[in-house]
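Numbers for residues simply follow the sequence, beginning at 1.
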Amino acid sequence: AAKAAGRGQYRFFSREMSERAENRLSTEANLRQALSIGSFELYFQPKVRAADQALVGAEALVRWKHDGQLVQPGAFMTVAEDSGLIMELGSWVLEQAVREATHWTKLLPDFHIAVNVSARQIIAPGFVERVRDCLARSGVPADRIEIEVTESVMVDSARSLEVLWRLKRLGVRIAVDDFGTGFSSLSYLRQMPIDTLKIDRAFVQDLPRDSAIAAMILTLGARLGLEVVAEGVEREEQLAWLVAEGCPVVQGFFIAEPMPARQLEARFLHPLVMAQEESREGRSA
Ligand code: C2E
Ligand code: MG
Ligand code: MG
Ligand code: MG
């Protein structure tokens, strides 16, 4: 009986697994086609200084235009990573993000563009060269680019260590995304060339009521001389707590949602440029 049940179970799992595999394959085929016909789009979410909400940068977030919908990365990133398509997609994201931001970095002296990079991209051969070429072609100074990696990149290996140091030597900034949600020890903070900690949304969500971990990360960042960014700020009371506790930079729906490049320009950059021009005219008049 055990054997029969075992076999039945096997068949059950095998059907479920093959359905899942088919799903994956069709997503993979769709993604492959999307890459070849250019159906991806970048959205940009503003990052602002907490104290006065001045724009300090933007994070590039990829979207997939599929069947008339805008698909979020949660629905395809795992397939892109497992299939290796992330390599081509990631190159496109980097190029496109830097291309859009070239103009913005010229307008604003402190503006940086943040690009998410998955573990697989980081350790693949040629990644550092790709970043270097992208910088050279665009003329954007290296320190205006921040690479966001999750703690999983920090956990493994000599390889990650080497790549992150090579990026650092180029002058690129490195941020730990979703900080506090990985399963890593903190010892990597001493070895890896990190500039920024991004407090995961999970620890921002229940501010100000549940603030122990956010406070701890702010202290850690200050003690280590790192920039700290709070992600996922959705409500005024969260922002108020972060300002009071001296969190330097914030990002989230309360400030602005991710948006197309032209919209970022209309809402955030044009007003700044106009203000700059007015103050110049004011001085010369
Ligand atoms: P992430 O890098 O941690 O990005 C933050 C995510 O939180 C984004 O989701 C953003 O839209 C969302 N978000 C921002 N503010 C708020 C808020 O106030 N509340 C809530 N609930 N959510 C907020 P998105 O765009 O769906 O991206 C999800 C994840 O996919 C990203 O997490 C990142 O890990 C990955 N991803 C996105 N674009 C890329 C990419 O170009 N390359 C790679 N390798 N990964 C990417
Ligand atoms: Mg990110
Ligand atoms: Mg994050
Ligand atoms: Mg994430």
- Message: Side-chain heavy atoms nearer than 4.5 Å, only ILVMFWY residues, links allowed to pass through others: does that put V243 and F203 together?
- Response: yes
- With the side chain counted from C-beta on, respond yes when Q45 and M259 share a heavy-atom pair under 4.5 Å apart, and no when they do not. no
- Task: For Q69, look at atom CD and say whether over 12 heavy atoms of other residues, nucleotides or ligands are found less than 6.0 Å away.
- Result: no
- Query: Would you say M192 and L164 make side-chain contact, with heavy atoms under 4.5 Å?
  - Reply: yes
- Task: Identify the two heavy atoms, one from A34 and one from W64, that lie closest to each other, and give their separation to 0.1 Å.
- Result: CB-NE1, 3.3 Å
- Residues E148 and R173 bridged, charged N to O under 4.0 Å: no
- Task: Would you please classify the geometry between the F40 ring and the F76 ring as parallel, tilted or perpendicular, with 30° and 60° separating the classes?
- Result: tilted
- Message: Tell me if the CZ atom of R130 is crowded by more than 12 foreign heavy atoms within 6.0 Å.
- Response: no
- Query: Closest approach of A97 and A60, non-hydrogen atoms and distance?
  - Reply: CB-CB, 3.9 Å
- Any side-chain donor-acceptor pair under 3.5 Å between W104 and E265? yes
- Salt bridge R49-E227, side-chain N to carboxylate O under 4.0 Å: no
- Message: For L85 and L35: C-alpha separation, side-chain torsions, deciding distance, then whether side-chain contact (heavy atoms from CB on, under 4.5 Å) applies.
- Response: CA-CA 9 Å; L85 289 169; L35 274 168; 4.0 Å; yes
- Item | Validation row: S160, W165 side chains within 4.5 angstrom (heavy atoms) | no
- Do you reckon I194 sits in the same ILVMFWY cluster as V117, going by side-chain contacts under 4.5 Å, direct or chained? yes
- Query: So, the side chain of E162 versus the backbone of R159: is there a donor-acceptor pair under 3.5 Å, distance only?
  - Reply: no
- Query: Any sub-3.5 Å donor-acceptor pair from N30's side-chain atoms to S26's backbone N or O?
  - Reply: yes
- Specify the closest pair of heavy atoms between L107 and Q276, including all atoms of both residues, with the distance to one decimal. O-NE2, 3.6 Å
- Non-hydrogen side-chain atoms of L264 and L269 separated by less than 4.5 Å: yes
- Task: Please answer: with hydrophobic residues joined when any side-chain heavy atoms are less than 4.5 Å apart, are V204 and L218 in the same cluster?
- Result: yes
- Is the shortest distance from a Lys or Arg side-chain nitrogen in E88 or R32 to a carboxylate oxygen in the other one below 4.0 Å? no
- Message: Check K47 with E146, please: is the shortest side-chain N to carboxylate O separation under 4.0 Å?
- Response: yes
- Message: Classify the ring geometry of Y188 against F179: parallel below 30°, tilted from 30° to 60°, perpendicular beyond 60°.
- Response: perpendicular
- Verify side chain to side chain donor-acceptor pair (under 3.5 Å) between E151 and T181, making sure each step is shown before the conclusion. CA-CA 8 Å; E151 285 177 303; T181 60; 4.7 Å; no
- The reported gap from CD in E237 to CG in L242 (rounded to nearest 0.5 angstrom) is 11.0 Å
- Task: Show your working on side chain to side chain donor-acceptor pair (under 3.5 Å) between S138 and R99 and close with a plain yes or no.
- Result: CA-CA 7 Å; S138 65; R99 183 177 314 143; over 6 Å; no
- Task: Using a 4.5 Å cut-off on heavy atoms from C-beta on, say whether the side chain of V56 contacts that of V48.
- Result: no
- Item | S118 backbone acceptor or donor facing E81 side chain under 3.5 Å | no
- Query: How far does CD1 of I147 sit from CD1 of I113, to the nearest 0.5 angstrom?
  - Reply: 10.5 Å
- Task: Can you measure from CD (E28) to CD (E22) and round to the nearest 0.5 angstrom?
- Result: 13.5 Å
- Does I255 share a hydrophobic cluster with F253, counting links as ILVMFWY side-chain heavy atoms below 4.5 Å and allowing steps through other members? no
- Run the numbers on D178 and R201 for side-chain contact (heavy atoms from CB on, under 4.5 Å), then give the verdict. CA-CA 7 Å; D178 307 342; R201 192 164 76 223; over 6 Å; no
- Message: For Q251 versus E59, what's the shortest heavy-atom pair and its separation?
- Response: NE2-OE1, 2.7 Å
- Item | Cation-pi geometry met for R63 and Y43 (6.0 Å, 45°) | yes
- Taking atom CG of L186 and atom CG of L224, what is their separation to the nearest 0.5 Å? 9.0 Å
- Begin with the C-alpha distance, continue with both residues' side-chain angles, and end with the deciding distance and a verdict on side-chain contact (heavy atoms from CB on, under 4.5 Å) for V176 and T150. CA-CA 5 Å; V176 185; T150 57; over 6 Å; no
- Beyond-backbone contact of E95 with C134, side-chain heavy atoms, under 4.5 angstrom: yes
- Message: Strictly below 4.0 Å, N to O, side chains only: are E100 and R262 in salt-bridge contact?
- Response: yes
- Task: Give the C-alpha distance, both sets of side-chain angles, the deciding distance and a yes or no for side-chain contact (heavy atoms from CB on, under 4.5 Å) between L42 and L61.
- Result: CA-CA 6 Å; L42 280 189; L61 294 159; over 6 Å; no
- Query: Do you know the tightest heavy-atom contact between A80 and L89?
  - Reply: CB-CD2, 4.5 Å
- Task: Flag yes if more than 12 heavy atoms outside K65 fall under 6.0 Å of its NZ atom; otherwise flag no.
- Result: yes
- Query: Which of these, L239, I199, L207, sits in a side-chain contact (heavy atoms from CB on, under 4.5 Å) with V233?
  - Reply: L239
- Message: Closer than 4.0 angstrom, basic N to acidic O: yes or no for K168 and D195?
- Response: yes
- Message: I'd like to check E231 versus V250 (side-chain heavy atoms, cut-off strictly below 4.5 Å). Are they in contact?
- Response: no
- Which atom of L55 lies closest to which atom of P46, heavy atoms considered: CD1-CB, 3.7 Å
- Task: Indicate, with yes or no, if V149 and I145 share a hydrophobic cluster defined by side-chain heavy-atom contacts under 4.5 Å among Ile, Leu, Val, Met, Phe, Trp and Tyr.
- Result: yes
- Message: Within this structure, what is the OG1-CD1 distance for the pair T196 and I174, rounded to the nearest 0.5 Å?
- Response: 9.5 Å
- Item | Interatomic spacing from CG in L94 to CG in D133 - rounded to 0.5 Å | 10.0 Å
- Message: Less than 4.5 Å apart, side chain to side chain, heavy atoms only: is that true for L220 and L189?
- Response: yes
- Electrostatic pair D82-R24, nearest N-O below 4.0 angstrom: yes
